[in-house]
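See below for the structure under consideration.
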Amino acid sequence: MSKILIRGAKVLGGEAQDVLIDGETIEAVGTGLSAEGATVVEAGGQILLPGLVDLHTHLREPGREDSETVLTGTKAAARGGWTAVHAMANTFPVADTAGVVEQVWRLGRESGYCDVQPVGAVTVGLEGKQLAELGAMHDSAAGVMVFSDDGKCVDDAVIMRRALEYVKAFDGVVAQHAQEPRLTEGAQMNEGTVSAELGLGGWPAVAEESIIARDVLLAAHVGSRVHICHLSTAGSVEIVRWAKSKGIDVTAEVTPHHLLLTDELVRSYNPVYKVNPPLRTEADVMALREALADGTIDIVATDHAPHPREDKDCEWAAAAMGMVGLETALSVVQQTMVDTGLLDWAGVAERMSVNPAKIGRLEGHGRPVSEGEPANLTLVDPAYRGAVDPAGFASRSRNTPYEGRELPGRVTHTFLRGRATVIDGKLA
């Protein structure tokens, strides 16, 4: 592997520096660096970040290769600046055994575009009735540390308690999809003024908040770690903030779409805006941004949820829930958090690389951009402006809510252990 010299990049948005990569490692960081025979990347004005880590990605394989595969999903991840993703368990078959998580892990290794860390199911078949093989999945080649029934809530308090107790033995974490099912039967969108006017079944904020409140208390009771997936309401923010003030070991994520989009968009009846949890109000969006800025919300995670055209190109009630997000996430975070002054680029690195790697106990990622560290890096041009064109996505699916919308920033280069996976915005 040849040497690569990244010249004049603003490391974490700071002063311009040169970064020399030798093999899989950062050899030096400084000014005026040179290396004979090195491939030079001129990065004047661009931001150099540690490779992004997504704690919440749906790669669909095995079982739904019509919407995404591990290969296409990791290509999309690389295009978006991600060097590692956590693949959710709601595949067919469900990733609830050592065999299935090892299959996903091996597919990730074969793809080569980013590291794939499988997430194991909490319960058998995501049915919420019996704990899955948590220990066996952890002890497998995949080394699973994160467990989630995402797409479904672990609504049985006893099952949730047992899961929290079980993963404590190996410092694992249960990532909860907070949705009280009885409160969301027939729900189509956020419960509020817009749902009342449109006559669509409402999804109340309390359906999310009641589960979060229960689970932080359970985590405190058993002394375990709980992570809240795709937090979406101002009330949820307050519960997590309270729990952290009490020393409870809780972390939380927000998606890019919940930082930008509101339920007003549902007035179009375009199913591209149908997502779980639903788009909320402007007040919720502002509360989420503030909570991400002050650290109440620890990370940004995409909840990348690809669907084939026929699952979205239909009437609202019949449409699948979910949005693709790997290739647009960093741009949305730049628009909502950096360009608004709520976060600097070092803060983005913390919330999109350092913290998710720490929560997932993922070694080699989320590391400082400094000498001797793994060369997992992302180079971003923050001055770029362009309209989103899903026809150019690497993902197999096109269900983006940003089609035609102008977003700032573009990932120009991604490096996975010193090897370029993206060069000048194109897959290597």
### Message
Could you tell me if Q46 and K10 have a donor-acceptor pair between their side chains, going purely by distance under 3.5 Å?
### Response
no
Review point. Is there a donor in the side chain of E373 and an acceptor in the side chain of T25, or the other way round, less than 3.5 Å apart?
Key: no
Open item on the list: Between M337 and D344, is there a side-chain heavy-atom distance shorter than 4.5 Å?
Closed with: no
CD (E290) and CD1 (I297) are apart, to the nearest 0.5 Å, by 10.5 Å
| field | Heavy-atom side-chain proximity of Y113 to L71 below 4.5 angstrom | value | yes
Does CD in E15 sit with more than 12 non-hydrogen atoms of other residues, nucleotides or ligands closer than 6.0 Å?
-> no
Q.
Does R385, at its CZ atom, have more than 12 non-hydrogen atoms belonging to other residues, nucleotides or ligands within less than 6.0 Å?
A. yes
- Does any donor atom in the side chain of T328 or S331 lie under 3.5 Å from an acceptor atom in the other side chain? no
If the threshold is 4.0 Å, N to carboxylate O, is there a salt bridge linking R267 and E197?
yes
Notebook entry, point to check: Any side-chain donor-acceptor pair under 3.5 Å between S395 and E68?
Noted result: yes
Taking atom types as modelled and ignoring hydrogens, do the side chains of T233 and R280 form a donor-acceptor contact shorter than 3.5 angstrom? no
### Query
Counting only heavy atoms not in K358, do more than 12 fall under 6.0 Å of its NZ?
no
Between K244 and D298, does any NZ, NE, NH1 or NH2 come within less than 4.0 Å of an OD or OE carboxylate oxygen? yes
Check: H258 side chain, P277 main-chain N or O, donor-acceptor pair, under 3.5 Å: yes
Answer yes or no: is there a donor N or O on one side and an acceptor on the other, between the side chain of K312 and the main chain of A320, under 3.5 Å? yes
In short, ring-ring contact (aromatic ring centres under 6.0 Å, His included) pairs touching residues 205-239 with sequence neighbours left out are H56-H230, H177-H230
Side chain to side chain contact (heavy atoms under 4.5 Å, CB included) with M160: of D149, L218, V122, D155, only one passes, and it is L218
- request: Decide whether Q179 and T184 meet the rule of one side-chain donor and one side-chain acceptor closer than 3.5 Å.
  value: yes
Residues G322 and N399: closest non-hydrogen pair is O-ND2, 3.1 Å
ring-ring contact (aromatic ring centres under 6.0 Å, His included) pairs touching residues 65-108, sequence neighbours excluded, are none
